[in-house]
Structures are given as C-alpha cells and as structure tokens.
Amino acid sequence: EELERDAPAAASAPTLRRHSVIVLVDRLDAAAARAIQYARTLHPDDLQAVHFDLDPVKTAHLIDAWQQLGFSRLPLDVVECPDRRLTRAAMQVVSTALEHHDTEVSVLVPRRMYKHAWHRMLHDRTSDQITEALSGIPHSNVTIVPYHLGSSRPSESAVAGDADGASTNGVAPREAGASAPPTTVVARAPLPIIDGAVPIADVRLRQRVKVAGRVHRVRIQPHGGVASLECTLVDDTGGIELVFLGRRSVTGLAVGALVVAEGTVGDDRKRLAILNPIYEFSREAHAH
C-alpha cells in the first residue's frame with residue numbers, strides 16, 4: 001500500500017541537477033577496478049574513490065599503487081577513521097557530498113563473490129552494514145558491484161592484481177570496506193591551541209587567516225593527473241581545504257597529522273580553501 005500510494009509522487013519528483021558517484025576502495029584489485037570502470041559508464045558530474053585509513057602500512061601500499069596505475073587521472077581520497085567505525089565514516093563522506101541540495105549520490109561497493117559457502121564465511125559482512133546505513137539517507141543510493149572469483153578474464157585480472165605486492169596464497173581478498181585485522185587503536189592527539197589561530201567555522205572568503213587542526217582527508221593524485229595535493233583540515237568547529245598547487249606530496253602530510261596553516265581564503269569548487277598555505281606541523285607535545 002505504501003509503495004502504491006507514493007508511486008505518483010516519486011514518479012513526478014524533479015530530477016536533481018548533479019550526480020556524484022563514490023567508489024569505496026579497500027584495496028587495489030580487479031574487483032575495485034571493475035567498480036571504477038562501471039562508475040565511469042554512469043557519466044557522473046563528480047567521481048571519487050574513497051579509502052578509509054585503518055592501517056597506515058596498508059594505506060601507504062595503496063597510495064603507491066594508485067599513483068603508479070593512475071586510473072586515467074582519477075584521484076583517491078584517503079579519509080581518517082581513528083575509531084574504526086567504518087559505517088559512521090562512510091555516512092560522513094556521503095553527507096558531505098549531499099551538502100549541495102541539488103545532488104544525487106550513488107555509492108558503489110565492490111563485492112567479491114565466492115563459489116563456496118565456506119569461502120564466504122571467512123569474510124566479514126562489514127560492507128552489508130555500510131550498504132544498509134547509506135541506503136537510509138535521502139538521495140543516497142547504494143549499488144553492489146559483484147566480481148566473481150574464478151571467472152576473471154585475462155584483461156580483467158591484469159588491471160591491478162594484488163596491489164600491495166603480497167601473495168594471497170589462495171586466500172581470497174577481504175570484503176570492500178571490511179576492517180583490517182585487529183590492531184591497537186591509537187587515540188587521537190588533542191587539537192593544538194595556537195596563538196592567533198581562529199576557529200575554522202569563523203573563516204570567511206578573502207580573509208587572511210591562521211588555522212590549526214587535524215588532517216581528516218588527503219586526496220592522492222595519480223602520476224598522470226594534475227600536480228596538486230589537497231587535504232581537508234578540521235577542528236572542533238568545521239573544516240577547510242588546503243590546496244598545494246604544483247606538488248604531488250608533502251612530507252609528513254597524512255591523515256591524522258596536526259597542522260597549522262596560514263594564507264588567504266579562496267574558493268575551490270564551492271569550498272573554502274587556502275591555496276599554497278604557509279604551514280607547519282604541530283608536535284603532539286605542544287598540543288593542549
């Protein structure tokens with residue numbers, strides 16, 4: 001009854017102007033490559049690959065592989081997840097994409113499909129939890145992109161392979177978005193208190209400001225892409241983009257790093273940003 005009652009309104013609802021597609025990437029393999037290929041066929045206005053940083057070593061391997069393969073200039077967003085709550089982190093990413101109310105978001109989740117039930121039992125269902133949570137957000141749509149193990153064609157298996165260079169030894173890869181093996185969870189360092197720094201929420205366009213916070217997201221450009229490095233700096237009040245034009249990397253700039261940045265606030269794709277800021281890293285010992 002509900003479906004029939006709401007059908008006329010749903011059919012006549014206006015189509016939103018923008019379509020943003022997000023591909024969740026746990027590791028660079030044929031399943032992730034297949035999802036990215038499918039994402040491109042949707043011709044979105046914005047396409048982003050997102051990896052949640054649960055293991056710094058694994059993330060470093062992924063970044064290196066991503067920069068080498070390139071995926072035709074598709075950047076990779078590495079997002080911090082210090083509490084290992086992947087579902088909440090995914091919801092935050094989607095909510096950010098929906099900030100512009102004219103946007104429809106599609107989230108693609110690569111799914112490794114196994115022939116035998118005992119194979120499936122070896123892998124957790126974190127991606128199912130993410131799918132259920134994201135599908136409950138208005139204008140957020142989740143699509144499972146299946147990859148059937150044992151049925152790959154040569155052209156597919158050669159796309160990425162085992163990105164971190166480790167042999168699987170017959171053990172199938174983990175589910176996209178699945179937690180890494182249990183590790184010690186390191187508490188966040190407190191945000192620094194810096195003389196002259198203003199709350200990010202108070203920052204305005206064309207102001208010259210000093211801000212301090214924690215790096216929440218780093219955008220990794222592939223080797224063939226535009227030479228620029230972007231990151232999102234957050235404090236307890238909000239976030240702002242830092243854009244380093246002409247640079248592919250900044251030593252020490254990674255998710256979770258404490259940074260003090262200074263510069264003039266501009267506009268970068270409808271987001272407040274500081275272009276080529278003066279910056280320094282704040283040691284944990286200096287934080288209060």
Side-chain angles (χ1 to χ4, degrees), residues 18 20-25 28 36 39 44-53 56 59-60 62-82 89-90 92-100 103 105 191 197 200-201 203-235 237-282:
R18 287 182 51 80
S20 177
V21 174
I22 299 169
V23 184
L24 301 185
V25 177
L28 191 50
I36 291 169
D45 298 291
D46 178 61
L47 171 60
Q48 59 179 310
V50 173
H51 172 75
F52 298 111
D53 181 33
T59 298
L62 175 60
I63 290 172
D64 182 64
W66 198 273
Q67 291 174 327
Q68 294 301 319
L69 288 180
F71 277 117
S72 299
R73 303 184 180 182
L74 173 65
L76 170 70
D77 287 354
V78 177
V79 179
E80 69 167 347
C81 189
Q92 289 176 339
V93 168
V94 171
S95 296
T96 299
L98 289 170
E99 285 180 349
H100 302 291
T103 301
V105 173
L191 294 178
I200 292 178
V203 169
R204 296 293 180 265
L205 193 63
R206 290 184 288 277
Q207 273 187 325
R208 184 168 184 85
V209 297
K210 178 189 288 187
V211 293
R214 185 183 65 257
V215 176
H216 172 67
R217 177 194 66 93
V218 176
R219 170 160 287 190
I220 306 301
Q221 296 288 352
H223 184 70
V226 177
S228 69
L229 178 66
E230 303 175 20
C231 71
T232 304
L233 190 71
V234 300
D235 64 9
T237 68
I240 190 170
E241 302 299 308
L242 304 181
V243 181
F244 299 86
L245 299 175
R247 305 182 68 173
R248 294 190 182 278
S249 64
V250 172
T251 302
L253 189 68
V255 291
L258 301 179
V259 177
V260 181
E262 183 176 357
T264 301
V265 180
D267 183 287
D268 179 60
R269 287 167 292 179
K270 298 183 179 180
R271 302 172 301 176
L272 293 180
I274 302 177
L275 303 182
N276 293 328
I278 300 170
Y279 67 93
E280 63 178 333
F281 296 101
S282 175

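This one's a predicted model, so the numbers in the text were calculated from it and none came from an experiment.
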Mind checking side chain to side chain contact (heavy atoms under 4.5 Å, CB included) for Leu275 and listing every partner two or more places apart, or none if nothing turns up?
Val243
Which heavy-atom pair separates Val21 from Ala39 by the least distance, and what is that distance?
CG1-CB, 3.8 Å
Please enumerate all residues that pass side chain to side chain contact (heavy atoms under 4.5 Å, CB included) together with Ser95, with sequence neighbours excluded.
none
Would a 4.5 Å heavy-atom cut-off, applied to side chains only, mark Val211 and Val260 as touching?
no
Going by the rule side chain to side chain donor-acceptor pair (under 3.5 Å), which residues pair with Asp77 if we only count those two or more places apart in sequence or in a different chain?
Arg217, Arg219
CZ of Arg248 to OG of Ser228: how many Å apart, nearest 0.5 Å?
8.5 Å
Sequence neighbours left out, what passes side chain to side chain donor-acceptor pair (under 3.5 Å) with Thr59? Give chain and number order.
His51, Asp53
Any donor-acceptor pair under 3.5 Å linking the side chain of Thr237 with the backbone of Ala201?
yes
For Gly252 and Ala257, work out which heavy atoms get closest and say how close.
O-CB, 3.8 Å
Whether the side chain of Trp66 engages the backbone of Leu74 through a donor-acceptor N/O pair (distance < 3.5 Å, no angle test) should be reported.
yes
Find the distance between CD (Glu280) and CG (Leu258) and round it off to the nearest 0.5 Å.
11.5 Å
For the atom pair CG (Asp268) and CD (Glu230), what is the distance rounded to the nearest 0.5 Å?
5.5 Å
Side chains of Val209 and Ile274 in contact at under 4.5 Å (non-hydrogen atoms):
yes
Who are the side chain to side chain contact (heavy atoms under 4.5 Å, CB included) partners of Val234, not counting sequence neighbours?
Arg214, His216, Thr232
Atom CG of Asp45 and atom OG of Ser20: how far apart are they, to the nearest 0.5 Å?
8.5 Å
Distance in Å, Ile220 CD1 paired with Leu229 CG, rounded so as to fall on 0.5 Å steps
6.5 Å
List for me each residue that meets salt bridge (Lys or Arg N to Asp or Glu O under 4.0 Å) alongside Asp64, sequence neighbours excluded, and say none if there are none.
none
Rounded to the nearest 0.5 Å, the CG atom of Leu245 sits from the CG atom of Asn276 at a distance of 4.5 Å
Just to verify, what does Arg18 make a salt bridge (Lys or Arg N to Asp or Glu O under 4.0 Å) with, not counting sequence neighbours?
none
Residue set satisfying ring-ring contact (aromatic ring centres under 6.0 Å, His included) with Tyr279, at least two apart, ordered chain then number -> Phe244, Phe281
Partner set under side chain to side chain contact (heavy atoms under 4.5 Å, CB included) for Arg208, not counting sequence neighbours:
Glu262, Thr264, Ile278
Tell me the closest heavy-atom pair linking Val215 and Cys231, and the distance in Å.
CG1-CB, 4.1 Å
Tightest non-hydrogen contact, residues Ile200 and Asp235, listed as N-OD2, 2.9 Å
Looking only at non-hydrogen atoms, find the nearest pair between Ala97 and Thr103 and report the distance.
O-CG2, 3.7 Å
Applying side chain to side chain donor-acceptor pair (under 3.5 Å), can you list everything that pairs with Ser249, at least two apart in sequence or on another chain?
none
side-chain contact (heavy atoms from CB on, under 4.5 Å) evaluation trace for Val218 with Val79:
CA-CA 7 Å; Val218 176; Val79 179; over 6 Å; no
Where the side chain of Gln68 meets the backbone of Ala65, is there a donor-acceptor pair that is under 3.5 Å apart?
no
